[in-house]
**Student:** 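Structure in structure tokens, see below.
Remember, it's 1-based here, ligands and their atoms both numbered in the order they're listed. In this chain, numbering begins with 1 at the start of the sequence shown. Worth knowing before you read on, the calculation uses all heavy atoms, side chains too, and leaves out hydrogens, waters and symmetry mates.
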Amino acid sequence: MKNRFLVLAGLIMVLVPTLMGCSSGSSLLGRDEAIIDNSDSADLSNKRIGVLIYQFSDDFMSRFSEETEKYLDSLGFSKENITMLDALNNMDTQLEQAQQLIDEGYDALIVNPVNVNVVRPITDMASAAGVPVIYINREPEASEESRWEDYNLNMTYVGCDARQSGIYQGELVLSLGESAVDKNGDGSVKYYLIEGAPENIDARYRSEYSVATIAHEGWNMDCLYTGVGNWDTATARELVAKALVAHPEVELIICNNDAMAIGAIEALNAADIKPGQDILVVGVDALPQAIEYVKDGSLVGTVFNDYISQSHNAVDAAVRYITGEGNKHYIGCDYIKVNRENADEIAEIVNK
Ligand code: GAL
């Protein structure tokens with residue numbers, strides 16, 4: 001893993017200046033656009049590419065895969081040579097899918113791993129057959145990435161550093177001022193944490209860094225409830241509905257993604273509690289519905305998880321392997337903070 005953050009002792013962290021200087025969160029000027037100029041590039045129409053997604057029903061990954069398919073199409077891959085597969089969150093299914101496409105002689109794979117444990121076997125199968133793999137969205141372990149480096153394997157990870165999204169969530173909350181968050185003024189912010197999947201690095205970092213960023217400014221953070229919402233709206237809605245009964249004194253609900261933040265907002269509405277007024281909610285991803293909630297004040301803010309840049313970068317990397325140009329092993333990107341000020345601007349990007 002390539003750290004672009006300096007992590008200071010305990011819960012305190014600061015961002016490295018390079019990160020601060022990149023996509024600023026209030027401006028989109030730094031956002032990468034598609035990198036490949038296809039005007040004089042190789043004919044890709046007979047190249048076969050497999051895109052293996054951990055679960056199509058995941059709201060964010062479904063947008064990510066649609067964009068990947070669209071972009072492949074725009075670069076000249078023919079539709080019959082693009083294979084999109086859903087592992088239904090099952091590790092064995094994904095391993096079989098990878099094996100099958102490798103056996104069929106696919107030219108490259110883009111893989112959104114079900115979990116970190118599938119990465120090594122997929123890497124081994126693919127490299128033995130000379131098939132390059134671009135991993136997306138779920139970062140492999142540092143030891144695995146070092147192996148790619150050490151053995152010069154044609155493997156690359158494309159994704160953002162989830163610590164940044166957690167920090168941005170924290171900053172969105174801080175920007176409201178302590179008295180607007182600690183509504184009863186008792187000197188501590190009572191919150192729920194609605195987490196993605198267990199063991200998932202995005203979930204872990206977002207949970208840690210959102211809370212730590214707020215605590216770093218001296219606010220007392222009092223966790224009333226933590227639940228695993230599996231990135232899913234309905235699951236989060238149920239968790240929050242139950243938590244509201246057991247711990248009604250909550251002031252803030254921090255969600256690892258927007259699908260779950262939407263579920264939290266639905267649970268609040270169903271309980272006749274006004275999200276954004278009585279209880280604050282923050283998410284990550286910038287799903288269209290979440291941006292609407294930012295605009296109407298139900299959601300404090302979200303963090304744009306730029307699936308457009310990530311999918312284009314992943315496809316571009318696959319093309320560079322196919323054409324023999326090669327890649328570095330890590331291609332990063334920046335998250336963008338979304339609040340009421342830039343919500344329209346982000347909406348234009350995600351709704352296009
Ligand atoms: C995260 C995203 C979540 C979910 C997860 C799946 O980056 O924010 O919504 O899609 O990936 O690994």
**Student:** If you have a sec, work out which protein heavy atom is nearest atom 8 (O) of ligand 1 and how many Å separate them, to one decimal?
**Tutor:**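 The protein heavy atom lying closest is D285 OD1, 2.6 Å.
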**Student:** Under a 4.0 Å heavy-atom limit, does M260 contact ligand 1 with its side chain, its backbone, both, or neither?
**Tutor:**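 It is neither part, as no heavy atom is under 4.0 Å.
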**Student:** Look at ligand 1 and say whether R206 reaches it with a heavy atom at a distance under 4.0 Å.
**Tutor:**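 R206 counts as a contact of ligand 1 under the 4.0 Å cut-off.
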**Student:** Just to check, does F64 reach to within less than 4.0 Å of ligand 1 when the distance is taken from its heavy atoms?
**Tutor:**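 False for this residue.
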**Student:** Would E66 and R63 pass as an ion pair if we require N to O under 4.0 Å?
**Tutor:**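 Here E66 does not pair with R63 in a salt bridge, since their nearest N and O are not under 4.0 Å apart.
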**Student:** Hey, does N257 come in under 3.5 Å of ligand 1, counting only N/O atoms on both sides?
**Tutor:**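 In this structure, N257 places an N or O atom under 3.5 Å from an N or O of ligand 1.
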**Student:** Tell me: protein heavy atom nearest atom 4 (C) of ligand 1, and distance?
**Tutor:**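 Result: D58 OD2, 3.3 Å.
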**Student:** Identify the heavy atoms of I167 and T213 that sit nearest to each other, and give their distance.
**Tutor:**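 For I167 versus T213, the nearest heavy atoms are CA-OG1, 3.4 Å.
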**Student:** Check whether any side-chain heavy atom of Y335 lies under 4.5 Å from a side-chain heavy atom of D161, and answer yes or no.
**Tutor:**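 They are not in side-chain contact.
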**Student:** If you look at every heavy atom in V350 and A286, which pair is closest and at what distance?
**Tutor:**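 Heavy atoms only, the tightest pair is CG1-O, 3.8 Å.
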**Student:** What protein heavy atom is closest to atom 7 (O) of ligand 1, reported as residue, atom name and distance in Å?
**Tutor:**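 Scanning the protein heavy atoms, the shortest distance from atom 7 (O) of ligand 1 goes to D202 OD2, 2.7 Å.
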**Student:** So which pairs with a foot in residues 232-261 pass ring-ring contact (aromatic ring centres under 6.0 Å, His included), sequence neighbours left out?
**Tutor:**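 Listed by first then second residue: nothing to list.
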**Student:** Give me the residue, atom name and distance of the protein heavy atom closest to atom 5 (C) of ligand 1.
**Tutor:**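 The protein heavy atom lying closest is W231 CE2, 3.6 Å.
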**Student:** Considering only heavy atoms of F60, which atoms of ligand 1 have at least one such atom less than 4.0 Å away?
**Tutor:**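 Those of ligand 1 that fall under 4.0 Å from F60 are 2 (C), 9 (O), 10 (O).
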**Student:** Do K190 and E249 meet the salt-bridge criterion of a basic N to acidic O distance under 4.0 Å?
**Tutor:**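 Salt bridge between E249 and K190, a charged N being under 4.0 Å from a carboxylate O: no.
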**Student:** Which class fits the ring pair Y330 and Y157: parallel under 30°, tilted 30 to 60°, perpendicular over 60°?
**Tutor:**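 Plane angle between 30° and 60°, so tilted.
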**Student:** Please work out which of N137, N200, I53 has its closest non-hydrogen atom nearest to atom 11 (O) of ligand 1.
**Tutor:**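 When every heavy atom of N137, N200, I53 is considered, N137 comes closest to atom 11 (O) of ligand 1.
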